[in-house]
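Notes to accompany the following structure.
A, B, ... follow the sequence lines: proteins, then strands. Residue 1 opens every chain.
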Protein chains: 2
Amino acid sequence: MILDTAVALFLTAGFAATSIDEVARRSEASKSTVYAYFGDKAGLFSAAVERLHDAIAESIDGEATLAELATSVVMTLHSDEAVGLHRTVIAESLRFPELARSFYASGPSRSTQMLLAALRRADPAITAVHAEMLYTLLLGESHRRRLLGLSGAPSVREAAQHARDALHALGHR
Amino acid sequence: MILDTAVALFLTAGFAATSIDEVARRSEASKSTVYAYFGDKAGLFSAAVERLHDAIAESIDGEATLAELATSVVMTLHSDEAVGLHRTVIAESLRFPELARSFYASGPSRSTQMLLAALRRADPAITAVHAEMLYTLLLGESHRRRLLGLSGAPSVREAAQHARDALHALGHR
DNA sequence: GCTTAATGATACGACGCAGTACTATTAAGA
DNA sequence: TCTTAATAGTACTGCGTCGTATCATTAAGC
């Protein structure tokens, strides 16, 4: 419960503007318990971010077909949770470089590798650079607009269409 | 001088963790003057962000050839200033939605329109969606890694190669 | 039933912040 | 020279913060 509250506050207010007193109050825990579990504010932040990241990452199935995997990446990464996580890790990347590193490794890097594996089932000559481009296109400007709070999450239908467009643009049909 | 100092502090420490006292001290101005010019902290933040944005935006020349324009976009948007601005606007987009809107309009939107115009000089049938994809690819994962502080700015040579790769991937040669 | 560990509740200290108020100083223009 | 506007220099007021300390309360395991 502490972590859930911390996730909600850190993602909406940012690291500096979130107070531990409020986390304790909203999670109906005492300040003592928060400090007992997480040591300090940075520890609580790291734990909250990792928790959210793990929840999101495990919802992508690398065994699916290419089209399914692509749609799943679009849907998952455009969700409120993933967008908030992405925004927060970028915002605090200078203060928490290690968090940024692990985020990229088990987020974008991992997704790109899954895409590469799926692509190679159809064409073994596909390169890693190509898979990275596909990943970039699957996010695209709609994801940047999401990061900036300028639009909402796409529907399943829109996500599937977006995935098709990205695959098509790179020559896959 | 006040604005230069504010830009430097907001971009490295974020909005909440930057104090007006420190801006005044580092810019060798008095707190009275800062408040006289910018009203409050939010006003100073907005003015600082707009100033930086304008300086970056005017360094892209829409009249250049497609290859030149593409390289220029890659170079400009991977600079320390542009990456810091991008990161900051994302970080504070929930607190400053109007800033996020104007950033996107005169940043990514404007660049995409320039790319569209350049693309259409060669092929009038090119769509806006296509130009948007090109913009996304010109940033690519290397730009995400920049936002996360995971890599440095590319050289001119690398930027030009990156631009070529993006154009090639979308079928332009 | 008793010991032990975990949690709650709360107060505190030291500090920093945003924004205001007030006076002193500078400089410029008529 | 005199007036006026801009700036400097501070001091002050609430307020909130992190992290620690203290004591009460609960619960669990043996």
Side-chain angles (χ1 to χ4, degrees), chain A residues 1-53 84-85 87-100 149, chain B residues 1-53 84-85 87-100 102:
Chain A
M1 265 192 331
I2 292 174
L3 281 178
D4 284 346
T5 305
V7 164
L9 286 178
F10 281 132
L11 258 55
T12 56
F15 177 76
T18 296
S19 82
I20 293 202
D21 286 271
E22 195 176 356
V23 171
R25 192 171 51 76
R26 300 250 291 246
S27 64
E28 296 175 71
S30 75
K31 215 170 154 181
S32 327
T33 308
V34 175
Y35 275 93
Y37 273 92
F38 304 104
D40 61 3
K41 194 180 177 182
L44 176 60
F45 180 70
S46 299
V49 166
E50 280 172 25
R51 174 193 176 82
L52 179 58
H53 187 132
L85 172 67
R87 182 187 295 131
T88 302
V89 176
I90 288 174
E92 307 301 339
S93 60
L94 298 182
R95 256 83 53 202
F96 295 89
E98 183 48 48
L99 217 62
Chain B
M1 260 185 344
I2 293 173
L3 281 178
D4 285 346
T5 307
V7 163
L9 287 178
F10 281 132
L11 260 56
T12 55
F15 177 77
T18 296
S19 83
I20 293 204
D21 285 272
E22 196 176 356
V23 171
R25 193 170 51 74
R26 301 250 288 245
S27 64
E28 294 176 72
S30 75
K31 215 172 157 181
S32 327
T33 307
V34 175
Y35 274 93
Y37 274 94
F38 305 103
D40 60 4
K41 193 180 177 182
L44 177 60
F45 179 70
S46 299
V49 167
E50 281 173 24
R51 174 192 176 83
L52 180 58
H53 186 135
L85 172 67
R87 183 187 295 130
T88 302
V89 175
I90 288 174
E92 307 300 339
S93 61
L94 298 182
R95 257 84 54 201
F96 296 89
E98 183 48 47
L99 216 63
S102 75

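Rounding to the nearest 0.5 Å gives a distance of 9.5 Å between CG of B:Leu99 and NE2 of B:His53. Interatomic distance, A:Ile90 CD1 to A:Leu85 CG, rounded to the nearest 0.5 Å: 9.5 Å. Taking CG of B:Leu3 as the reference point, atom OH of B:Tyr37 lies at 10.0 Å (rounded to 0.5 Å).
Heavy atoms only, all atoms of each residue included: A:Gly84 and A:Thr88 are closest at O-OG1, 2.8 Å.
The CG-C1' distance, from A:Asp21 to C:dA11, rounds to 12 Å in whole Å. Atoms CD1 (B:Ile20) and P (C:dA18) sit 5 Å apart, rounded to a whole Å. Regarding B:Lys41, its NZ atom lies at a distance of 15 Å from the P atom of C:dG16, rounded to whole Å. Atoms CD (B:Glu22) and P (C:dC15) sit 17 Å apart, rounded to a whole Å.
Contacts between residues 24-37 of chain B and DNA chain D, defined by a heavy-atom separation under 4.0 Å, are made by B:Glu28, B:Ala29, B:Ser30, B:Ser32, B:Thr33, B:Tyr37. A heavy atom lying under 4.0 Å from DNA chain C marks the following residues of residues 4-19 of chain B, by number: B:Thr18, B:Ser19.
Considering only heavy atoms from C-beta on, A:Val49 stays 4.5 Å or farther from A:Phe96 through its side chain.
In this view, B:Ala100 and A:Leu148, A:Leu150, B:Val89, B:Ser93 satisfy the side-chain contact (heavy atoms from CB on, under 4.5 Å) rule, not counting sequence neighbours. Among residues two or more places apart in sequence or in another chain, the side-chain contact (heavy atoms from CB on, under 4.5 Å) test is passed with B:Ala24 by B:Val34. With sequence neighbours left out, the side-chain contact (heavy atoms from CB on, under 4.5 Å) criterion links B:Arg95 to B:Glu92. With sequence neighbours excluded, the residues that form a side-chain contact (heavy atoms from CB on, under 4.5 Å) with B:Ser30 are B:Ser32, B:Thr33. Take A:Glu98 and apply the salt bridge (charged side-chain N to carboxylate O under 4.0 Å, His left out) test, not counting sequence neighbours, and it matches A:Arg101.
In this structure, the helix from C:dG1-D:dC30 to C:dA30-D:dT1 shows an angle of 10° between the axis at its start and the axis at its end, each fitted on 5 base pairs and rounded to 10°.
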Tell me which donor-acceptor pairs under 3.5 Å the side chains of residues 7-20 of chain A have, and how far apart each pair is, sequence neighbours excluded?
unit_1: A:Thr12; atom_1: OG1; unit_2: A:Ala8; atom_2: O; d: 3.0
unit_1: A:Thr12; atom_1: OG1; unit_2: A:Leu9; atom_2: O; d: 3.3
unit_1: A:Thr18; atom_1: OG1; unit_2: A:Leu9; atom_2: O; d: 3.3
unit_1: A:Thr18; atom_1: OG1; unit_2: A:Gly14; atom_2: O; d: 2.7
unit_1: A:Ser19; atom_1: OG; unit_2: A:Glu22; atom_2: N; d: 3.1

Collect all protein-nucleotide pairs involving nucleotides 25-29 of chain C in which both atoms are nitrogen or oxygen and the distance is under 3.5 Å.
none

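Applying the salt bridge (charged side-chain N to carboxylate O under 4.0 Å, His left out) test to every pair with at least one member in residues 2-11 of chain A, sequence neighbours left out, gives these pairs: A:Asp4-A:Arg51. Sorted by first then second residue, the salt bridge (charged side-chain N to carboxylate O under 4.0 Å, His left out) pairs that include residues 30-50 of chain B, not counting sequence neighbours, are B:Asp21-B:Lys31.
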